[in-house]
Every structure is written in C-alpha cells, then in structure tokens.
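Both ligands and their constituent atoms are indexed starting at 1 by order of listing.
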Amino acid sequence: MKCVLALSALAALAAGACNKDIKVKSQSDINTVNACSKFDADVIVDGVSGIGALNMDNVQSITGQLVIQNMYDLQTVSLASLTSARSLKVLNNTNVYKVDIPKLSSVDDLQIIVNPNLKELSYRNITSVNNFQIIGTHISSLGQFMDSEPGNIEVLSNTELRALDFSSVKKTTGYINVANNGRSANITFSSLTDVGGNASFADASTLDIHRLSSVADDFSLYTNSFRNLSVPALKTADKSITISGNSFEVIAFPQLTEIGSSLNIVNNTNFRSITDKTFPKLQSIPGSMVLQGSFDNITFPALKNVDGQVSLSGKGKLSCKEAEAELKAADNIDCSLVVTDSSSGGSSDSESDGSGSEASGAPRAVVATAVIGGALALAAICL
Ligand SMILES: *[C@@H]1O[C@H](CO)[C@@H](O)[C@H](O)[C@H]1NC(C)=O
Ligand SMILES: *[C@@H]1O[C@H](CO)[C@@H](O)[C@H](O)[C@H]1NC(C)=O
Ligand SMILES: *[C@@H]1O[C@H](CO)[C@@H](O)[C@H](O)[C@H]1NC(C)=O
Ligand SMILES: *[C@@H]1O[C@H](CO)[C@@H](O)[C@H](O)[C@H]1NC(C)=O
Ligand SMILES: *[C@@H]1O[C@H](CO)[C@@H](O)[C@H](O)[C@H]1NC(C)=O
Ligand SMILES: *[C@@H]1O[C@H](CO)[C@@H](O)[C@H](O)[C@H]1NC(C)=O
Ligand SMILES: *[C@@H]1O[C@H](CO)[C@@H](O)[C@H](O)[C@H]1NC(C)=O
C-alpha cells in the first residue's frame with residue numbers, strides 16, 4: 001500500500017500534477033491530488049455529483065486554495081494530514097455532515113459557509129489564520145482556536161453552537177462579527193484588547209470583553225440576552241457605538257472618553273436610566289446621538305459637545321424639558337419623548353414589555369443583513 005502510494009506520488013510528481021491547478025471532475029482527479037503530500041496550486045471541487053466522501057488524507061499542505069462547493073451528494077470530507085493551506089473553503093454543500101481537519105494549524109483563509117447539516121468540524125489547534133468564517137452550520141462545538149492575532153473572525157448562524165471560546169485572541173487586524181448562534185451562547189474574548197475593524201457581538205447570554213480597549217471601526221451590540229453590560233476597559237471607539245434590542249438593565253462604559261462618530265441606544269426594553277455610571281467620562285460625540293426607549297433618567301456628566309443631531313424618543317418618566325436640560329452639550333435636539341406618569345408605572349411597564357418582543361424582531365433583520373454582507377450571496381439560502 002505504502003509502495004503504491006509512493007509510486008503514484010512519483011508519477012504525480014513526474015507529471016507535474018502537484019503544481020498545476022486542478023478542477024476536480026471525478027474520483028480519479030481526487031486520487032491525483034491525494035498522491036501529493038504538498039500541493040502547490042489550486043484544487044477546485046465544484047458541483048460534481050456522485051461523490052459521497054471526499055478523502056485527501058495524504059495531503060499535508062496546499063499552497064493554493066482548496067475549494068469544495070455546491071456538492072449535493074457529498075457527506076464527508078476528510079483531510080487527515082492537512083496542516084496548512086492558503087485557503088480552505090467549504091461552501092454550500094447541503095448534505096455534508098462531517099469535515100475532518102484535525103491537524104489544520106495554519107490557514108490564511110478558512111471559510112466554512114452554508115453547510116446546514118454540518119455537525120462535526122474537527123479542527124484542534126488553529127494557530128494562524130487571517131480570515132476565519134464559520135457561517136450557517138449545525139455544529140454544536142468549535143475546535144480549539146489558538147491564534148492570538150488573527151485577521152477577521154466571523155461566526156454567524158450556527159444555531160446549535162453555545163460556547164464560543166476565543167480567549168486566545170488579543171488583537172484582530174480585521175473585524176469581529178458574532179451573531180445568531182445557539183440560544184444562550186457564551187461568547188468569550190477574555191484577552192481581547194484591540195479590534196482593527198468593526199466589532200459586533202449579538203445574541204449572547206454571556207459576553208466577556210472585559211479587556212477590550214479600542215475598536216477601530218463601529219462597535220455594536222445587538223439582541224444580547226444578559227442584563228448587565230460592562231465594557232470596563234474601552235477607551236475609544238473610532239466610529240459609532242450602537243446598542244440595540246438587548247436585555248440590558250445596566251450599561252457601563254467607565255473609561256470611554258471619545259467616540260469617533262455617533263452613539264445609538266435603541267430598543268433596549270429593560271434599560272431605563274443612563275446614569276452617572278453609564279458614560280461617566282464621555283466628552284464628545286462628533287456625530288449624532290439617537291436615544292430611543294423607556295427612559296426615566298438621562299445624564300452624561302462629562303459631555304462637552306455633540307456635533308450632530310440628538311434624537312430622543314420613547315415613553316418613560318423623562319420629559320423633553322428634563323432631557324434638554326441634561327443635554328446642554330447639544331445644539332440640535334429633536335425630542336418626542338412621551339411622559340408616562342409614575343402612578344401608571346405598572347401599565348407603562350407592560351406596554352414596554354409588549355414592544356420588547358417586537359423590538360427583538362427588528363435587530364434580527366440587521367443580523368440577517370450582516371450574514372448576507374459577510375458571507376456572499378451564498379448565505380441568503382440560510383434565511
Ligand atoms: C448551492 O448548491 C446547490 C446544489 O447543491 C445549487 O443548486 C445552488 O445553486 C447552490 N447555491 C449557490 C448560491 O451557489
Ligand atoms: C498547536 O500547534 C502549535 C504549532 O503548530 C504548537 O506549538 C502547539 O504546541 C500546539 N498546541 C496544542 C495544544 O496542540
Ligand atoms: C454559559 O455560561 C453560564 C454562566 O457562566 C454557564 O452556567 C453555562 O453552563 C455556560 N454554557 C455553556 C454551553 O458553556
Ligand atoms: C462596519 O460596519 C458597518 C455597519 O455598522 C458597515 O456599514 C461597514 O461596511 C463595516 N465596515 C467594514 C470595513 O466592514
Ligand atoms: C455589572 O457588572 C459590573 C462588572 O462586572 C459590576 O461591577 C456591577 O456591580 C454590575 N452591576 C449590577 C447592577 O449588577
Ligand atoms: C431617575 O429619575 C427619578 C425621577 O424621575 C428619580 O427619582 C431617580 O432618583 C432617578 N434615578 C437616578 C438613578 O438618577
Ligand atoms: C426599534 O423598534 C421599533 C419597533 O419596535 C422599530 O420600528 C424601529 O425601527 C426599531 N429601531 C431600530 C433602530 O432598530
């Protein structure tokens with residue numbers, strides 16, 4: 001057996017088959033690739049019917065791309081020896097339930113996108129990755145992620161996934177987008193200090209970002225189900241901060257001094273008071289500010305200027321007059337707050353509970369857009 005492999009490897013080498021792009025059309029093309037321990041070109045397996053198991057267990061590294069897509073009959077992928085690849089893309093394979101990549105360690109671009117029956121994805125030790133996307137699968141656990149400075153991380157719409165442990169990550173050079181995974185998902189970025197692009201965290205029941213100190217683009221929190229949001233180390237958000245549709249009762253950004261653009265706090269049904277502990281050091285908002293909800297109090301103790309428009313809306317105990325008195329830093333305030341008096345507090349509560357269930361529907365659509373944006377049109381079939 002070893003001998004046969006060695007011979008076919010020699011034959012493959014002799015034929016230069018290990019460094020020529022290949023569009024796989026049959027099992028024999030798979031064998032050709034598998035005869036190479038190092039493959040120096042692209043392998044594209046696209047829309048080939050009749051292949052149930054794709055095994056390339058002999059291949060250790062691929063310096064080009066390995067793309068496996070639109071394979072309707074495919075059920076399992078086995079890449080038992082693969083330790084490095086420039087890119088591994090497993091896209092839109094309806095029936096794949098297992099992708100075995102136990103040794104994969106270094107991969108510039110890893111995309112596992114829209115494989116709705118995928119239950120087992122067996123990487124164990126990803127140490128270097130530039131683009132990491134796992135979207136639209138049925139996996140219930142992730143492998144070990146060990147890279148401390150990856151590029152992008154995007155984990156969306158894996159509805160059985162409940163533990164997202166990215167505690168190795170200290171910085172990203174690109175964006176982070178995590179949304180719409182399992183109910184009561186725990187999301188851990190406990191070492192993360194700096195995000196080089198957008199940072200968006202959604203649908204978490206716990207979220208550890210306690211070291212996060214800078215975000216180079218928009219920072220967003222959507223439809224998270226925990227009650228106490230604390231971002232204790234965040235000093236700067238280079239663009240906007242958006243907090244929408246969450247269950248937060250308490251929000252605290254104790255170190256935040258600057259926002260690069262706008263501040264949006266909308267549809268957080270349980271959040272009623274912007275206290276002196278919410279944004280104690282925030283000094284300037286160069287963009288707009290949108291506050292929509294059932295507010296009883298609003299205060300920004302350090303705020304000196306808001307350059308854009310301030311929009312205030314919703315029903316609470318806070319009146320426009322009180323709000324305007326608090327927001328002297330703003331010149332342009334559009335206020336439509338409706339005061340519900342304290343004696344009818346009970347009924348106003350149940351009202352806001354009612355709009356809460358509507359509200360949690362609205363930001364879901366935002367998440368869905370993010371799926372399409374982040375994951376090509378492919379993800380559209382998920383929705
Ligand atoms: C996904 O794969 C199926 C066949 O398996 C194909 O009909 C469909 O067009 C593919 N979708 C995309 C977006 O390529
Ligand atoms: C992961 O891989 C790296 C390098 O490939 C190695 O140094 C490290 O020991 C591995 N860690 C585990 C837990 O296997
Ligand atoms: C999520 O975190 C909570 C609270 O820390 C814990 O009780 C629960 O077991 C965790 N769930 C998972 C799937 O890790
Ligand atoms: C960052 O997120 C915003 C939405 O908040 C989006 O419009 C923008 O395109 C994203 N930027 C990048 C570089 O992905
Ligand atoms: C919210 O969490 C922070 C940090 O973990 C803690 O200091 C604070 O006491 C909590 N607030 C409430 C109201 O639970
Ligand atoms: C909020 O405002 C109410 C009056 O509307 C006041 O009684 C209460 O003490 C305020 N709470 C905080 C935390 O400032
Ligand atoms: C907030 O929710 C209301 C309805 O509940 C919806 O009309 C509005 O568009 C939502 N706003 C945002 C910014 O999501």
Side-chain angles (χ1 to χ4, degrees), residues 44-52 54 60-61 67-75 77 81-85 89-97 101-108 110-118 122-129 135-137 142-150 157 165 167-169 186 188-190 204-212 221 224-234 243 246-256 268 270-280 297 371-372 374-383:
I44 312 293
V45 191
D46 184 359
V48 185
S49 58
I51 294 177
L54 194 158
Q60 291 170 15
S61 80
V67 180
I68 300 167
Q69 67 181 8
N70 305 326
M71 297 286 288
Y72 182 74
D73 294 326
L74 192 63
Q75 297 192 315
V77 173
S81 308
L82 190 69
T83 56
S84 72
K89 300 178 186 171
V90 182
L91 313 174
N92 186 35
N93 303 286
T94 334
N95 290 310
V96 164
Y97 65 85
I101 41 174
K103 294 204 168 140
L104 189 64
S105 169
S106 170
V107 55
D108 192 60
L110 179 66
Q111 300 183 17
I112 311 287
I113 300 180
V114 189
N115 301 281
N117 285 303
L118 181 61
S122 71
Y123 62 87
R124 300 217 177 97
N125 181 16
I126 301 275
T127 55
S128 171
V129 61
I135 300 174
T137 75
L142 290 173
Q144 181 135 283
F145 191 94
M146 298 298 287
D147 196 350
S148 60
E149 205 166 325
S157 302
D165 183 352
S167 54
S168 66
V169 178
N186 291 340
T188 308
F189 279 90
S190 51
S205 77
T206 65
L207 173 65
D208 186 344
I209 46 171
H210 77 278
R211 290 201 166 92
L212 181 62
L221 295 153
N224 291 288
S225 60
F226 56 96
R227 301 290 159 143
N228 180 353
L229 172 71
S230 174
V231 194
L234 191 71
I243 301 175
N246 302 281
S247 304
F248 308 149
E249 288 164 5
V250 177
I251 294 178
F253 285 81
Q255 301 297 330
L256 184 70
N268 304 288
N270 302 322
F271 184 61
R272 304 189 68 102
S273 291
I274 298 179
T275 70
D276 55 3
K277 296 192 174 65
T278 310
F279 294 105
N297 307 69
V371 172
I372 295 168
L376 326 169
L378 279 179
I381 69 167
C382 252
L383 304 175

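When every heavy atom of Pro150 is checked against every heavy atom of Val169, the shortest pair comes out as CD-CG1, 3.8 Å. For the residue pair Ile126 and Leu104, the shortest heavy atom distance occurs at CD1-O, 3.9 Å. Across all non-hydrogen atoms, the minimal contact from Ala233 to His210 is CB-O, 3.6 Å.
When each atom of ligand 2 is checked for a heavy atom of Asn125 under 4.0 Å away, the hits are 1 (C), 2 (O), 3 (C), 8 (C), 10 (C), 11 (N), 12 (C), 14 (O). Short contacts between ligand 2 and Ser105, defined as distances under 4.0 Å to a heavy atom of the residue, involve ligand atoms 5 (O). Atoms of ligand 1 found under 4.0 Å from any heavy atom of Tyr72 (numbered from 1 in listed order, with element): 5 (O).
Taking the six-membered ring for Trp and thresholds of 30 and 60 degrees, Phe279 and Phe253 have nearly parallel ring planes, at less than 30 degrees apart.
The main-chain N or O of Asp147 is found under 3.5 Å from a side-chain atom of Ser168 such that the two form a donor-acceptor pair. The backbone N or O of Ser247 sits nowhere less than 3.5 Å from a side-chain atom of Asn268 that would complete a donor-acceptor pair.
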Could you check ligand 5 for N or O atoms lying under 3.5 Å from protein N or O atoms and list the pairs with distances?
residue: ligand 5; atom: 2 (O); partner: Asn228; partner atom: OD1; Å: 3.3
residue: ligand 5; atom: 2 (O); partner: Asn228; partner atom: ND2; Å: 2.5
residue: ligand 5; atom: 11 (N); partner: Asn228; partner atom: ND2; Å: 2.8
residue: ligand 5; atom: 14 (O); partner: Asn228; partner atom: ND2; Å: 3.0

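At a 4.0 Å heavy-atom cut-off, ligand 1 touches Thr94 through the side chain alone.
The neighbour count for Lys89 NZ, taken as heavy atoms of other residues, nucleotides or ligands under 6.0 Å away, is above 12.
Checked by distance only, ligand 2 and Gln144 stay at 3.5 Å or farther apart across all their nitrogen or oxygen atoms.
Legend: residues meeting side chain to side chain donor-acceptor pair (under 3.5 Å) with Thr188, ordered by chain and number and at least two apart, are absent.
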